[in-house]
Amino acid sequence: MADPGQAKTAATAGTFTNPILPGMYPDPSICRVGADFYLVTSSFEYFPGVPIFHSRDLVHWTQIGHVLTRASQLDLAGVYSSGGIYAPTLRHHAGRFYMITTLVGSPKRGGNFFVTAEDPRGPWSDPIWLDHGEHGGFDPSLLFADGEVYYLRDGKGATQDHPRVFQARVDPATGALRDEMRVIWEGTGGIWPEGAHVYKMHGRYYLFAAEGGTEFGHAEMVGRGASPFGPFEPSPHNPALTHRDRREHPIQATGHADLVELDDGTTWAVFLGVRPQERVFHHLGRETFLAPVRFSADGWPTIGDGGRVELRMPAPALPPAPAARPPARDDFAHPALALAWNFVRTPNAADASLAARPGFLRLTGSAAALGDAASPAAVVRRQQHFRVRCRAALEFAPRESNEEAGLTVRASDAFHYDLAIRRAASGHGREALLTSHVAGTATVVGRAPLAGDGAVTLEIAADEASYAFAVSAGSGGRQPLGTLPTRTLSSEEIGKHGKHHFTGAMLGLYATGNGRPSTVPADFDWFDYAPEED
């Protein structure tokens, strides 16, 4: 099933709309197999890991699964918010797909690993871990060229802000290095050279790497050489992609690109960017954009129009292949959750069930709460549109004062807005409670008594600036509980509290016993994700 609410990207009169994957889909990597294109993105602390998409025209994408779907592939226990899976690279060679990535922040085992599959829909293998030696490493990539396989990744540099790119030949069956890792790129002077890929194109080897961090100074740099190991001469036209000098533009922080070549000789890049509000903050996360790569007469590439890209651009010369848009309502009538849904870290099997009460998603609250660095009983999906209305029907009769269930807007463990159903403070009946969690501090924003003990409809209506929360039950009518700002859940605001934040807003359903297991389950009959066209 495609992601509900995916933004309209239909090619119109030879154009398409960016981003091609709206919402938190950063660090895109792409590969082509014949007429088919496949794309993966980072997934951080969310499970399953590494969503994978398919397209025939580079514009319309349908999610076909996840790469990391088993605990044996991905154990996120103890991973901090914005830790987890970083910067995957997807490649195809000799009938097999390879996905290589980094697990960050695991107290058990981290570092770089790859998995393989014959079918991109899976199953994928268990991880093959790579020995990245004394330097450490992240943002790995693979190059298949000249009968060899090259493994490159970032590693230790002169300072923490200036890592270098290392490379060695590798055995793709075992992950064993065939050479010592050696430096092939030190960047062009900007901070955080990262996300490097090497390609063999036009008889040369081209190295693309991001610089400037993942904020508004982000950029993509290019070098080229005669060998996979360089030396790589920086392009005189660098940066090949950036909007750091276009602060009035609706797209910012462009970089971290990956390339694909078409039969017509054109080359296209997917890359990340953000759509900030008021030009200063973004809360949907880093999204996936598309633009052509153009080579100058002297063989140097730039992305877009001299390194600049737009919300609407000329489309690739491929037959349009639009994907069917699924209905806004998920009625939980299928044996498995739709691919849009995610868990926070590796889930506990007892917390969520579609079989316990057919036609409902049953969440049984554990001791874990949404503010814990754990896996609460919650399922969440990316917010992909600035203007969207989410509603859910919930049957929940809490017996104890610690038990709650409802809707959440989640940025991290410490930053989230919760619309909950709980026992009334008086001990009689139920109430709806809106709580803002900012830097781990909870503030009650609104509360309202609920009539009767039947189903409750919970609602979040979002626009660019705010989330408005409401509830209705029985004959009591619709009751607004309050409005909270989107800005508080942005990377920029969270960063002011000393927290690195790389993800976007997630919307979803949860239940918790707030320190001890709940005695009753929460049954969700349906969930609506109904966007306005952005």
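What you see below is based on every heavy atom in this structure, not just the backbone, and it leaves out hydrogens, waters and symmetry mates.
Checking Asp27 against Thr41 by side-chain atom types alone, no donor-acceptor pair falls below 3.5 Å.
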* To do: Walk me through it: do Phe524 and Phe360 pass the test ring pair (Phe, Tyr, Trp, His ring centres under 6.0 Å)?
  => CA-CA 5 Å; Phe524 292 90; Phe360 289 77; 9.5 Å; no
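The aromatic rings of Phe44 and Phe502 sit tilted, their planes meeting at an angle between 30° and 60°. Ring orientation note: the planes of His416 and His437 are close to parallel, at an angle under 30° on the 30°/60° scale.
You'll find the ring centres of Phe16 and His60 outside the 6.0 Å limit. Between Phe53 and Tyr25, the distance separating the two ring centers is shorter than 6.0 angstrom. Taking the six-membered ring where the residue is Trp, the centroids of Tyr38 and Trp61 are separated by 6.0 Å or more.
Because its NZ or CZ atom is not both nearer than 6.0 Å to the ring centre of Trp341 and within 45° of the ring axis, Arg381 does not count as a cation-pi partner of that residue.
Of the charged side-chain nitrogens involved, at least one lies within less than 4.0 Å of a carboxylate oxygen, so that Glu45 and Arg410 count as a salt-bridged pair. Between Arg70 and Asp126 a salt bridge is recorded (basic side-chain N to carboxylate O distance below 4.0 Å). Electrostatic pairing of Arg275 and Glu287 counts as a salt bridge here, judged by a charged N lying under 4.0 Å from a carboxylate O. Using a 4.0 Å cut-off between charged nitrogen and carboxylate oxygen, Glu431 and Arg423 do not count as a salt-bridge pair. Remark: Glu403 does not engage Arg422 in a salt bridge, criterion side-chain N to carboxylate O under 4.0 Å.
At least one side-chain heavy atom of Arg516 sits under 4.5 Å from a side-chain heavy atom of Asn402.
Other residues, nucleotides and ligands place no more than 12 heavy atoms under 6.0 Å from the CG atom of Asp453. Residue-environment remark: CD (Glu215) stays at or below the threshold of 12 foreign heavy atoms within 6.0 Å.
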